[in-house]
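Comments concern the structure below.
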Amino acid sequence: MQQIAAQAQTKQAKWGLRMKWKRNLVLYLFLAPAAVYYLLFHYAPMYGTLIAFQDYNPFRGMLGSPWVGFKHFDAFFNSIYFYRLIRNTFLIGAYSILFGFTIPILFALLLHEVKHAKLRTMIQSVSYLPHFISTVVVAGLIVTFTSPSTGFINGLLQFFGGSQIDFLREPGWFRTVYVSSGVWQTLGWSSIIYFAALAGISPSLYEAAEMDGASRWQKIWHISLPGIKPTIITILLLDLGRVMDVGFEKVFLLYNSTTYETADVLSTYVYRSGLVQQQYSFASAVGLFNSVLTFVMIVGFNRLARRLSGYSLW
């Protein structure tokens, strides 16, 4: 009897699984392209990280190249560029988070206080536009605007009695140019999620606060900010996890040999070592180190946020 009951349960489970599959077939079809993309371009290439532990030779392939263990990691840790790369990557990432994370929140809070609906919509639409400009075009605009001879910014400086500054050849100005242009490009788009969170706060809370005589600042501090606190913490955790994952394209388009001191980051160093100097194993080791460091930071910040605030990604 027990065997018959077990067989019946197995058949029922298979039937239930088959019915779920048929019922959700359309959803699985929508999910399939994304799953195939991640499998082909994110998971399958992970096999190639093995060359970080080899003296990889393209003619011998991965199976024929000799294993050297942590040789390339030791070479990178003892390199004269190690501390400079870590410092530059961390500072650019930290400044991008400091300003690129807080300013959209302030923008969303201030725009939420605008009562004129058409004006608010117009400001939102204008603020979204830079997000749709490609990184190459943004870099071109930066080069044009910061030109020491014909640039708009230097024209303003001269108009007000200042002197010309070659922003893209002065190491001290690179981080300012990079971060400020990033804030300009992502301000409106990054604030969308905060607008949505603010829209979800019950209007009755504001009405009750207004009846109690609360000012606009008090309503923002005691209602708006606490209402979007979970959203803020979630976005902050995602951003903190990417503090060492500074994008390659924009830095590569803006930096030059005179600004390596403050502009050279891990991703650009991997490009020069791997593709320019053809040190494939060494570049792979540097990239793998950056990925592991990013993963450790995501886990660490997630645990810290859960202990301090009770909110976390998982």
Side-chain angles (χ1 to χ4, degrees), residues 34 91-146 151-153 156 167-168 173-203 205-206 216-217 219-221 223-254 265 267 298 301 305 311 313:
L91 288 178
I92 291 177
Y95 290 150
S96 298
I97 292 174
L98 177 62
F99 296 101
F101 170 74
T102 56
I103 293 180
I105 297 175
L106 296 175
F107 177 71
L109 290 171
L110 293 175
L111 200 56
H112 185 252
E113 296 298 315
V114 176
K115 303 305 179 184
H116 197 286
K118 290 185 178 180
L119 177 61
R120 183 170 63 248
T121 303
M122 183 187 70
I123 295 174
Q124 284 181 280
S125 301
V126 172
S127 67
Y128 297 160
L129 293 179
H131 172 77
F132 300 99
I133 303 176
S134 71
T135 303
V136 176
V137 175
V138 170
L141 292 173
I142 294 172
V143 172
T144 302
F145 289 157
T146 60
F152 173 73
I153 297 177
L156 287 178
F167 291 97
L168 297 182
W173 279 101
F174 181 85
R175 293 170 189 155
T176 302
V177 172
Y178 181 93
V179 174
S180 58
S181 60
V183 171
W184 169 77
Q185 187 178 10
T186 61
L187 171 64
W189 189 259
S190 299
S191 64
I192 290 177
I193 192 169
Y194 302 115
F195 285 129
L198 287 168
I201 299 176
S202 175
L205 296 176
Y206 294 101
R216 279 195 173 186
W217 167 251
K219 287 188 286 186
I220 291 174
W221 184 258
I223 300 177
S224 298
L225 279 176
I228 62 175
K229 181 181 177 181
T231 304
I232 292 175
I233 293 176
T234 301
I235 299 300
L236 179 60
L237 286 174
L238 294 173
D239 287 347
L240 287 174
R242 295 194 298 265
V243 68
M244 297 298 292
D245 189 22
V246 176
F248 164 79
E249 295 88 356
K250 191 175 176 182
V251 176
F252 177 75
L253 292 169
L254 294 179
V265 295
S267 57
I298 290 175
F301 284 124
Y311 298 102
L313 294 178

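Residue indices begin at 1 and follow the sequence shown.
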Which donor-acceptor pairs under 3.5 Å do the side chains of residues 176-183 make with protein atoms, sequence neighbours left out?
| residue | atom | partner | partner atom | Å |
| --- | --- | --- | --- | --- |
| Ser180 | OG | Thr176 | O | 2.6 |
| Ser180 | OG | Val177 | O | 3.3 |
| Ser181 | OG | Val177 | O | 2.8 |
| Ser181 | OG | Tyr178 | O | 2.9 |
| Ser181 | OG | Lys250 | NZ | 2.6 |

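The two residues Leu168 and Val143 have their closest heavy-atom pair at CD1-CG2, 3.7 Å. Taking both residues in full, the closest heavy atoms of Val243 and Ala94 are given as CG2-N, 3.6 Å, listed atom of the first, atom of the second, then distance. Closest approach of Arg216 to Lys115, counting heavy atoms only: NH2-CE, 3.7 Å. A pairwise comparison of heavy atoms in Phe195 and Leu111 identifies CZ-CD2, 3.3 Å as the closest pair. Taking all atoms of both residues into account, the shortest heavy-atom contact from Ile105 to Tyr194 is CG1-CZ, 3.6 Å.
Separating the CD1 atom in Ile193 from the CD1 atom in Ile228 is a distance of 10.0 Å, to the nearest 0.5 Å. In this structure, the separation between CG on Leu253 and OG1 on Thr135 is 7.5 Å, given to the nearest 0.5 Å. To the nearest 0.5 angstrom, Leu236 atom CG is 4.5 Å from Phe101 atom CZ.
Ring pair Tyr95/Phe99 is tilted by interplanar angle, where 30° to 60° counts as tilted. A perpendicular orientation is assigned to the rings of Trp189 and Phe132, their planes being inclined by more than 60° (bins at 30° and 60°).
When the side-chain hydrogen bond (donor to acceptor under 3.5 Å, both in side chains) test is applied to Gln185, no partner is found at least two apart in sequence or on another chain.
Atom CH2 of Trp184 has more than 12 neighbouring heavy atoms from other residues, nucleotides or ligands inside a 6.0 Å radius.
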